[in-house]
Each structure stands twice: as C-alpha cells, then as structure tokens.
Amino acid sequence: MIPYVNEYDTPECNTLAETAKKSVRTPASLGLDRCIQCGACTASCPAARFTDYNPRQIVKKVLENDRSVLESEMIWSCFYCYSCNLRCPRNNSPVTIVQVLRQMAINHGIGVEKLVYFLEIGEYLAEKGASKVPGAGIKNMERDLGERWIRIKKNLESTRVELGLSSRDVRNTHGEVQAILEATGYFEREKWFKAKIQEKRSHQLLKNKCIKKENKSGDFGFESDREYPGQPAFTI
Ligand code: SF4
Ligand code: SF4
C-alpha cells in the first residue's frame with residue numbers, strides 16, 4: 001500500500017462523488033450535484049481543444065459512480081489551468097475532482113507511470129527548493145511553440161539584464177524545503193512510486209515480449225497516448 005495515504009485527501013466513501021465532495025482538495029461549496037452537463041467546462045478547457053479529453057464527461061462518470069474513470073487515460077490530460085473552475089455556472093470544479101481521481105487511482109497503483117513527469121519536479125524541489133518544467137514538458141513546448149520560443153528561452157538571461165531585471169537564482173532554502181518534504185513523507189512516497197514504476201515497466205517489457213512472440217496486439221490497462229492532432233498552437 002502506498003505510504004501516507006491521506007484520509008482527508010481521498011476519504012473512504014461509498015461513491016466517487018462522496019469522496020470528491022469530502023476531500024480536502026475540493027471546496028466545501030463544490031457544486032458537483034448541481035452539474036447540469038452544460039459542457040461549459042469542456043468548451044473552456046485547453047486540453048479538450050487539443051485532445052479528446054472531456055471534463056464534462058469526467059464529472060458525469062463521477063456522478064454515475066463509474067469507477068472505470070480511475071483507469072482512464074482522460075484523467076491525466078488536465079494541467080490545472082482552472083478555466084473550468086472559473087466558467088462553471090454551478091460552482092462545480094472538474095479540475096479539483098480530477099485531482100481527487102488521480103490520487104485515488106494512484107492509491108490503487110493505477111497510473112503511477114504518469115508520475116515520472118512529476119517526480120522530476122519533486123526531485124528538483126527537494127534539491128533546489130524551487131519548481132521547474134520537466135524535460136518532457138520543455139520538449140513539448142519546443143515542438144508546439146517553435147523556434148521563436150526556443151530563441152527566447154536561450155536568450156532569457158541577457159533579455160532579463162536588458163530589461164533591468166535581476167538574474168534568475170535558485171533560493172537557498174537552508175534545507176527547509178527538504179525538512180518539510182521529509183516530515184510530510186514525500187521521500188518515502190517517492191521511493192514507493194519509483195519501485196512501482198519500475199515494476200510496471202518490467203511487467204510491460206515482459207508483456208511486449210509475449211505479444212511479439214504471439215504476434216498479436218494488446219494493451220496494458222491504459223489507452224496509448226493520443227496522437228497530437230496537428231492543430232497549430234499560437235506562436236509567440
Ligand atoms: S460547466 Fe459545470 S455544470 Fe457545466 S458540465 Fe461542466 S461541471 Fe457541469
Ligand atoms: S483545469 Fe484541467 S479540466 Fe479544467 S480547463 Fe484546465 S485543463 Fe481543462
């Protein structure tokens with residue numbers, strides 16, 4: 001079992017909706033039961049624009065107590081911009097519900113491989129006391145935003161100097177961030193995640209070998225990552 005499963009974060013309840021409503025992650029005024037399935041969340045969601053991710057559908061599955069949503073690739077497409085939270089006419093918050101669903105999935109060992117991205121942030125935070133965009137995110141940004149963005153990034157320091165801004169520096173937190181991470185069990189969880197990810201990868205490797213042998217296709221519980229549909233992103 002994952003260390004430090006937090007009963008306030010993902011309380012044990014009979015339904016997904018109850019867990020979402022009781023979780024500390026969602027506001028007390030959460031309008032989950034008042035959702036009218038209007039789709040304003042999906043219409044305002046940048047992830048929905050570029051993939052077949054659909055926050056309205058996630059809310060529907062939660063209201064129907066359809067636990068298959070925990071295994072869906074969908075819950076991993078949100079990037080917490082909170083547009084849905086802002087636009088919902090019923091004070092519902094698909095983004096915080098997604099956070100609860102992700103944690104529930106992880107509690108059951110589902111989707112741990114998705115955490116590779118976040119572990120990179122955690123490692124950096126522990127070491128430098130600051131956040132960062134993981135390598136995979138940078139690669140995607142280079143792909144989506146193009147040469148001009150790459151140039152801006154490369155010349156960031158000199159541009160800051162030109163504008164009279166101080167040089168970016170990493171704060172010396174004197175070990176305070178590490179102490180917080182230690183006290184809250186982060187490092188123990190990190191160890192658990194890494195072992196689980198490794199286990200899944202080995203399982204996947206073995207499965208791929210078997211599939212190759214039998215010359216037939218299959219999947220590993222998750223839909224494969226969707227192809228980028230090629231809609232051009234704006235260029236800065
Ligand atoms: S915007 Fe709010 S009310 Fe409309 S579908 Fe989304 S969660 Fe439901
Ligand atoms: S927070 Fe997530 S679900 Fe909400 S609009 Fe942004 S990407 Fe979409």
Side-chain angles (χ1 to χ4, degrees), residues 9-10 13 15-107 110-122 131-145 149 222-236:
D9 194 10
T10 49
C13 297
T15 64
L16 291 173
E18 282 305 311
T19 303
K21 283 188 284 182
K22 286 197 178 145
S23 171
V24 289
R25 288 180 189 249
T26 55
S29 57
L30 186 74
L32 174 57
D33 295 327
R34 297 194 295 276
C35 170
I36 47 171
Q37 288 289 293
C38 66
C41 48
T42 303
S44 65
C45 174
R49 183 173 167 204
F50 292 102
T51 69
D52 46 10
Y53 174 64
N54 188 329
R56 179 197 58 77
Q57 215 172 67
I58 288 183
V59 172
K60 185 166 184 277
K61 281 179 186 280
V62 168
L63 287 168
E64 290 169 348
N65 198 31
D66 180 351
R67 297 183 77 85
S68 71
V69 70
L70 298 178
E71 302 201 34
S72 166
E73 181 74 16
M74 268 224 282
I75 60 172
W76 297 98
S77 297
C78 166
F79 56 96
Y80 302 169
C81 71
Y82 279 72
S83 301
C84 54
N85 195 84
L86 193 72
R87 295 286 166 82
C88 176
R90 309 310 289 252
N91 208 22
N92 195 15
S93 176
V95 56
T96 47
I97 292 169
V98 161
Q99 289 169 25
V100 177
L101 295 176
R102 284 184 180 183
Q103 187 58 58
M104 287 180 82
I106 290 163
N107 291 352
I110 305 167
V112 283
E113 65 277 18
K114 303 287 182 192
L115 297 180
V116 172
Y117 189 86
F118 301 100
L119 285 174
E120 199 181 323
I121 303 174
S131 186
K132 70 174 285 202
V133 179
I138 297 274
K139 272 203 190 118
N140 289 343
M141 283 157 99
E142 284 177 0
R143 180 198 61 192
D144 295 343
L145 298 175
W149 184 81
F222 290 90
E223 300 155 39
S224 57
D225 279 346
R226 292 183 180 84
E227 283 292 303
Y228 180 66
Q231 250 174 295
F234 75 96
T235 308
I236 54 168

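Numbering of ligands and ligand atoms starts at 1, following listing order. Please read these numbers as outputs of a predicted model, since none were measured by experiment.
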Out of all atoms in ligand 1, which are within 4.0 Å of some heavy atom of [X]? Include the element for each.
X	value
Arg56	5 (S)
Pro89	1 (S)
Arg90	3 (S)
Asn92	7 (S)
Gln37	5 (S), 8 (Fe)

query: Does atom NZ of Lys22 have more than 12 heavy-atom neighbours, drawn from other residues, nucleotides or ligands, at distances under 6.0 Å?
result: no
- prompt: For atom NZ of Lys60, is the number of surrounding heavy atoms from other residues, nucleotides or ligands below 6.0 Å larger than 12?
  reply: no
task: Could you tell me which non-hydrogen atom of Thr42 sits nearest to which non-hydrogen atom of Pro55, and how far apart they are?
output: OG1-CD, 3.5 Å
- prompt: Closest approach of Leu32 and Leu63, non-hydrogen atoms and distance?
  reply: O-CD2, 3.7 Å
- prompt: Does a side-chain heavy-atom distance below 4.5 Å link Phe79 with Pro46?
  reply: yes
query: Taking side chain as C-beta onward, heavy atoms only, is Glu73 less than 4.5 Å from Lys114?
result: yes
- prompt: Pick from Cys41, Cys78, Cys45, Ser93: which one makes a side-chain contact (heavy atoms from CB on, under 4.5 Å) with Cys84?
  reply: Cys41
task: With 2.8 Å as the limit, jot down which protein N, O or S atoms are around atom 8 (Fe) of ligand 2.
output: Cys45 SG
Shortest protein contact, [atom] (heavy atom only):
atom	result
atom 3 (S) of ligand 1	Ile36 N, 3.5 Å
atom 2 (Fe) of ligand 1	Cys88 SG, 2.3 Å
atom 1 (S) of ligand 2	Tyr82 N, 3.1 Å
atom 4 (Fe) of ligand 1	Cys38 SG, 2.4 Å
atom 8 (Fe) of ligand 1	Cys35 SG, 2.4 Å

Flag, side chain of Thr26 to backbone of Ala20, donor-acceptor distance under 3.5 Å: yes
message: Do the side chains of Lys139 and Glu142 get close enough for a salt bridge, i.e. N-O under 4.0 angstrom?
response: no
- request: Mind checking the NZ-CD1 spacing from Lys61 to Ile75? Nearest 0.5 Å is all I need.
  value: 11.5 Å
- line: Across all chains, not counting sequence neighbours, the side chain to side chain donor-acceptor pair (under 3.5 Å) partners of Tyr82 are Gln99
